[in-house]
Amino acid sequence: MTRVLCVAEKPSIAKAVAGHLSGGHYQTSNTRDAYIKNYTFDFDFGPPWGHCSVTMTAVKGHLTTVEFPGDYKQWEYPPPDRLFDAPIMTVVSSDSKSIAKNIEDQARHASALVIWTDCDREGEHIGSEIRDAARKGNARIQVKRARFSNVERAHILSAARRLTALDDRQVDAVSARIELDLRIGYAFTRFLTLNLRPLGGPLSNLTLSYGSCQFPTLGFVVDRYFRVKNFVPEPFWGIKVMHERDGIQVGFNWSRHRLFDRMSVVILYERCLAARTAKVTKVQEKPTKKWKPLPLTTVELQKMATRFLRMSGQQAMTVAEKLYNKGFISYPRTETDRFDKGMDLRALVRKQTQDNRWGSFAQALVDGAFQQPRQGRHDDKAHPPIHPITYAAPAALDDNEKRVYELVTRRFLACCSEDARGMATDVEILYGDETFTAHGVIVLERNYLDVYPYENWTGTAQLPRFTVGERFEPTEAMVTEGKTSPPGYLTEADLIALMDANGIGTDATMAEHIEKIQERQYVQTVVRRGGGNQGAAAADDDDGEADPPPAARGGRGRARGRGSRGGAARGGRGGGGGGVREFIPTSLGVALIEGFDRMHFETSLGKPFLRKEMELKMKAICEGRTTKQVVLHESLSEYRQVYEQSRAELNILKAACRQYVFQQQNGA
DNA sequence: GCAAGGTC
């Protein structure tokens, strides 16, 4: 009988796959790693192997790391730029030695290896690490790869019978990323630390790290900080028309919205008054919907947790992982916002009917209100959207777990119900030469909103009846006055959204990068008082719309408008109390980003473009348009130039540090 | 002492 070794990316997948392949009949043995078990059973893979004796085990993510040889471990010598072409070694990481040994031992008895890692790039690379470990035990072992995107029984069984090869292009793409991150991260970290420490003061014992993800993340925080700081409010004027009918006050908004010239507005306003009556030119009533949310991804989970649960993204992930390990929710690291057609979602809804908060809602879905969730455009081909797996009674969870579980479950139930429905009315009037509009909505069916308190349908006022062609004299018309307002500092939800949009980090690491730049003392958080607003501009004009900052973009250096809030209370990690945490850079963070921005680079290190470029190059390797060797060569010579120039213009960076960190007033 | 990516 052919002996086959199967290896998954994590213990939970090994267990699930072993369960499906064996039909639940497997033997379990412990390994020297507390979390990893070997499962043995028989399985028929179909031709050519047929009936096999199988051992299924797992790794815990990457088995190996890369490092420099011993003579590059000192910081003082050789100089940091030697790290661009120093040799590097791939070694089994210290906490994975026994796992690698287990695979090596098991491979000795097997003639084939089947890799069951996640179907994403990193998973492909982990597969290659498993392959290397197995070949140490058995150089001639045949290597196959199973491709699966969830752990449903039928899907796993069919994956086992359609084995493919490991995709070495994806392996190469990741190994290029690993090597570049190591060389560039180490080289620039040493460069910054060694060169800026001599400035003394707070710099003398800090580690000034550079990383392809942490620096752009810092860059976002600094960028927003300057947009707030340099914001110059601009006054504007508008016209508002009010009319009362059937006991309802209707506010009509000016179609020109607002103008930045007072005299023009006054003239237009006087023409309105001169006309005395307004004429109704359009009345439109039509059914409208508020769409239910998309299935939950990691990025969305983190954004929601920071907004509604007063947790940091990092905390939310820790809690979600606990819930996952207890089997209550699905894998919490996913980019996928569409459910696989084959999944039995109704069965998952049914498990929630026993709850006394959302049970009756779930029951109504089971009884016929169920709707297939919307399909988003993202699919990582590795994991389904985050959803509850089994019912968790409140008593089984601690406080934070309860809140995250509730969020995941309510989101899931909302996804499986109907969009909210309403009737929208639009009325347009002509008053003088000016057009005004009023908009009203009545909510007819709340549907998903009943189970989803995180959203509301606002502006839901009913309009009184108007008829096309009728004339009326408005109860009131006035000139309004306001000024543009600055954006708020970045909230964690904003920051996560920016990282996501720019491809900085992965769903699993974004929260870590945010932690890292705090640990490095590049940024700090302050608590904005006044509650759960979402970091959008708090508009002080009277029509409730946020204004983009007009003049300030890019115009750094002119310090006007709101000043730094550096003296405000330091944000506690635990959230607590009211208020949303906002990120502001420290003087050190500003100095580093400003320093690099003032150097004469095509693309500054503080901007997200370099990481984006790396992403594109990885994609090109995967698609066979270039190779790992070419990418490494190109990127390293590019970064070597950046390094050379940074060294040549070091005085600019130092000047920025003196200016911001030491508050001295001489620029570059 | 230094990166980013997996996972527990």
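Heavy atoms only: backbone and side chains are in, while hydrogens, waters and symmetry mates are out. Numbers restart at 1 for each chain; the letters A, B, ... are given by sequence-line order, proteins then strands.
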message: Students often get this wrong, so: under 4.0 angstrom with heavy atoms, is His125(A) touching a base, only sugar-phosphate, or nothing?
response: nothing
query: With a 4.0 Å cut-off on heavy atoms, is Val66(A) in touch with a base, just the backbone sugar-phosphate, or nothing at all?
result: base
field: Pair Asp398(A) + Lys402(A), salt bridge at N-O below 4.0 Å
entry: no
message: Tell me whether the rings of Phe596(A) and Phe188(A) are parallel (<30°), tilted (30 to 60°) or perpendicular (>60°).
response: perpendicular
query: More 5' along DNA chain B: Thr207(A) or Asn325(A), using each one's nearest nucleotide?
result: Thr207(A)
task: Apply the test side chain to side chain contact (heavy atoms under 4.5 Å, CB included) to residues Leu166(A) and Glu124(A): give CA-CA distance (whole Å), side-chain angles for both, the deciding distance (0.1 Å), then the verdict.
output: CA-CA 7 Å; Leu166(A) 210 56; Glu124(A) 217 63 21; 3.6 Å; yes
query: Hey, are Arg411(A) and Glu406(A) close enough for a salt bridge, meaning a charged N less than 4.0 Å from a carboxylate O?
result: no
- request: Indicate the atoms forming the closest heavy-atom contact of Arg145(A) with Thr117(A), along with that distance.
  value: NH1-O, 2.8 Å
query: NA contact type, Ser212(A), heavy-atom cut-off 4.0 Å: base, sugar-phosphate, or nothing?
result: sugar-phosphate
- request: Using a heavy-atom cut-off of under 4.0 Å over every strand shown, decide if Tyr331(A) touches base, sugar-phosphate, or nothing.
  value: sugar-phosphate
query: What is the nucleic acid contact for Tyr210(A), judged by heavy atoms within less than 4.0 Å: base, sugar-phosphate only, or nothing?
result: sugar-phosphate
- prompt: Just checking Arg183(A): base, sugar-phosphate only, or nothing, at a heavy-atom cut-off of under 4.0 Å?
  reply: nothing
task: Name the nucleic acid region contacted by Gly123(A), choosing base, sugar-phosphate or nothing; use a 4.0 angstrom heavy-atom cut-off, strictly under.
output: nothing
message: Hydrogens and angles aside, do Asp494(A) and Thr491(A) bring a side-chain donor and acceptor to less than 3.5 Å of each other?
response: yes
message: Going 5' to 3' along DNA chain B, which are the first and last nucleotides with any atom under 4.0 Å from a heavy atom of chain A?
response: dG1(B) to dC8(B)
message: Both Phe215(A) and Tyr324(A) contact DNA chain B. Which one's nearest nucleotide lies toward the 5' end?
response: Phe215(A)
task: Indicate the ring-plane relationship of Phe412(A) and Phe339(A), choosing parallel, tilted or perpendicular according to the 30° and 60° boundaries.
output: perpendicular
- request: Quick one: label Glu76(A) by what it contacts on the DNA or RNA (base, sugar-phosphate, nothing), any heavy atom closer than 4.0 Å.
  value: base
- request: Name the nucleic acid region contacted by Arg611(A), choosing base, sugar-phosphate or nothing; use a 4.0 angstrom heavy-atom cut-off, strictly under.
  value: sugar-phosphate
message: Using a strict heavy-atom distance below 4.0 Å, which residues from residues 9-17 of chain A are in contact with DNA chain B?
response: Glu9(A), Lys10(A), Pro11(A)
query: Can you name the nearest heavy-atom pair linking Tyr391(A) to Phe328(A), along with the distance?
result: O-CE2, 4.0 Å
field: Side-chain donor-acceptor contact under 3.5 Å, Asp337(A) with Thr297(A)
entry: no
